[in-house]
Amino acid sequence: MREELTRERLVLLMKELARSAPRRGAYRVYLVGGGTAVYLGWRRSSIDVDLFSDRDVVFRGIQEIKEQLNINIEFARPEDFVPPLKGTAGRHVFIDTVGAITFYHYDPCAQLLSKVVRGFQRDLEDAREFIRSGMVDPGQFRSLVAEIPDSAYARYPSLSRTGVEAAVEAFLAQTS
Amino acid sequence: MNPEARRMVARKAATRRWIRARFGAPGFQALGLPGGEAVDAGLAALARGDESIESLLVSLAAPRLRREGVPLPRDVFADADVRLYRLLEQNGGDLAHARYLAYLRQAASFADACADARVTRGKHA
């Protein structure tokens, strides 16, 4: 039986990733979803942690680490599910540097959009925390969503601009 | 038939009427929506108060499914994601996480298709 991801296990995961990363070079690893929520104390645990890096080699020891820590790991980022937001690269939130890896929370606006669009129980709980904590400004978030070009939706045939914007407005109305 | 069984039958009938009014069929499987069979099973299990893979799936996706017009009872299972994962783990061991993620994708896919089914129906109405 796998253990739920707690903050303690998440910190261990960060250390183990740094230990197993190639010695040369510098890497960036991003926490997404449950990882962000657990690290920031919004909830005590998560079923899994979502990770992203633009350099896959940093995850070369992931199978061993997964078994060692007895946790579930998935590779995912918001753009796997929703169109990219303008300026995401500049909004990642620094967490810590461990060895050769610098850890970030993935762009909170992108995470929020992904959660609002999917809209499951846990998603909306986390989504409210993004606003409550001040990590996301509702006005900025609304503008970023409105700025998504039509061409970006072409890569997400299951989504529509109307549906996404309606979900965002409904969510912001509930949280204001 | 005892009163609880009567209430259960009434809830199922009301659900079918609601789905027919919104989507034009008595159930989601009949509409050919991806994951429709699981959602139909989940709604039926929720009407009975049964905790199952399908009723937990519907519960964890409840806010989104309501948004898409799926008739859900007021009370669904709390912490449904954790309960679903633990249930899958009992049967699937090491594959539980992969199956859990597959169920989440199925529920999201259903909700996306559901939105489209309603819009499409509205456009043709």
Side-chain angles (χ1 to χ4, degrees), chain A residues 1-6 32-34 37-38 43-50 62-63 66-67 69-76 78 80-82 114-128 153 156-171 173-175, chain B residues 33-35 39 42 55-70 72 75-120 122-123:
Chain A
M1 181 177 280
R2 297 265 177 219
E3 302 287 345
E4 287 185 33
L5 181 83
T6 59
V32 184
V38 167
R43 46 183 157 118
R44 196 192 65 77
S45 65
S46 172
I47 288 164
D48 55 18
V49 57
D50 294 344
I62 204 73
Q63 286 289 347
K66 181 185 84 170
E67 295 305 325
L69 299 180
N70 198 27
I71 57 173
N72 292 309
I73 298 169
E74 188 191 13
F75 294 146
D80 294 339
F81 311 102
V82 292
S114 173
K115 287 184 172 295
V116 168
V117 167
R118 191 169 71 170
F120 290 176
Q121 274 179 353
R122 197 72 70 188
D123 294 326
L124 295 185
E125 291 169 15
D126 289 346
R128 285 188 278 273
Y153 282 97
Y156 302 86
S158 65
L159 301 180
S160 69
R161 173 183 292 283
T162 312
V164 168
E165 291 185 350
V168 166
E169 285 306 321
F171 167 74
Q174 285 167 9
T175 51
Chain B
L33 297 182
V39 172
S55 65
L56 290 171
L57 184 66
V58 167
S59 294
L60 72 83
R64 173 68 190 280
L65 296 180
R66 287 196 180 102
R67 198 168 91 198
E68 306 303 350
V70 176
L72 288 171
D75 295 323
V76 296
F77 290 105
D79 294 324
D81 54 348
V82 177
R83 292 159 90 151
L84 174 60
Y85 176 73
R86 292 298 175 207
L87 190 56
L88 292 170
E89 203 171 37
Q90 282 173 21
N91 304 319
D94 264 4
L95 288 178
H97 188 233
R99 288 177 179 161
Y100 171 78
L101 293 176
Y103 275 113
L104 293 194
R105 281 192 290 271
Q106 186 183 49
S109 176
F110 170 82
D112 290 342
C114 211
D116 194 48
R118 284 187 71 196
V119 169
T120 302
K123 279 177 184 167

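Just so it is clear: chains get the letters A, B, ... in the order the sequence lines come, proteins before strands, and each one is counted from 1.
- Residue contact with chain A, scored on non-hydrogen atoms closer than 4.5 Å, involves the backbone and the side chain of B:D79 alike.
- Within a 6.0 Å radius of CZ in B:R66, more than 12 heavy atoms belonging to other residues, nucleotides or ligands are found.
- Of the two parts of A:E4, the backbone and the side chain both hold a non-hydrogen atom closer than 4.5 Å to a non-hydrogen atom of chain B.
- Ranked by heavy-atom pairs shorter than 4.5 Å toward chain A, the options B:D81, B:L65, B:V82 are led by B:D81.
- When the ring-ring contact (aromatic ring centres under 6.0 Å, His included) test is applied to A:Y153, no partner is found at least two apart in sequence or on another chain.
- Counting heavy-atom pairs closer than 4.5 Å to chain A, the top residue among B:S59, B:A113, B:A111 is B:S59.
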| task | May I have the step-by-step check of side-chain contact (heavy atoms from CB on, under 4.5 Å) for A:F81 and A:R118, ending in yes or no? | result | CA-CA 9 Å; A:F81 311 102; A:R118 191 169 71 170; over 6 Å; no
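- Contact annotation for A:I71: neither backbone nor side-chain heavy atoms come within less than 4.5 Å of a heavy atom of chain B.
- Taking CZ of A:R43 as the start and CG of A:D126 as the end, the distance is 4.0 Å to the nearest 0.5 Å.
- For A:S158, the side-chain hydrogen bond (donor to acceptor under 3.5 Å, both in side chains) criterion is met by B:D112, not counting sequence neighbours.
- Shown here are the side-chain hydrogen bond (donor to acceptor under 3.5 Å, both in side chains) partners of A:S160, two or more places apart in sequence or in another chain: there are none.
- At a 4.5 Å heavy-atom cutoff, the contact between B:A61 and chain A is made by backbone and side-chain atoms alike.
- Taking CG of B:L87 as the reference point, atom CG of B:L56 lies at 6.5 Å (rounded to 0.5 Å).
- Here the CG-CZ distance, from A:L5 to A:R44, works out to 10.0 Å after rounding to the nearest 0.5 Å.
- Using a 4.5 Å cut-off between heavy atoms, B:A107 contacts chain A through both its backbone and its side chain.
- Among A:G163, A:G119, A:A170, the residue making the largest number of heavy-atom pairs under 4.5 Å with chain B is A:G119.
- Taking CZ from A:R128 and CZ from A:F171, the interatomic distance works out to 7.0 Å, rounded to the nearest 0.5 Å.
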Stepwise side-chain contact (heavy atoms from CB on, under 4.5 Å) check, A:R2 with A:E67: CA-CA 9 Å; A:R2 297 265 177 219; A:E67 295 305 325; 2.9 Å; yes
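- Chain A is approached within less than 4.5 Å, heavy atom to heavy atom, by B:H97, B:Y100, B:L101, B:L104, B:R105 from residues 96-105 of chain B, ordered by number.
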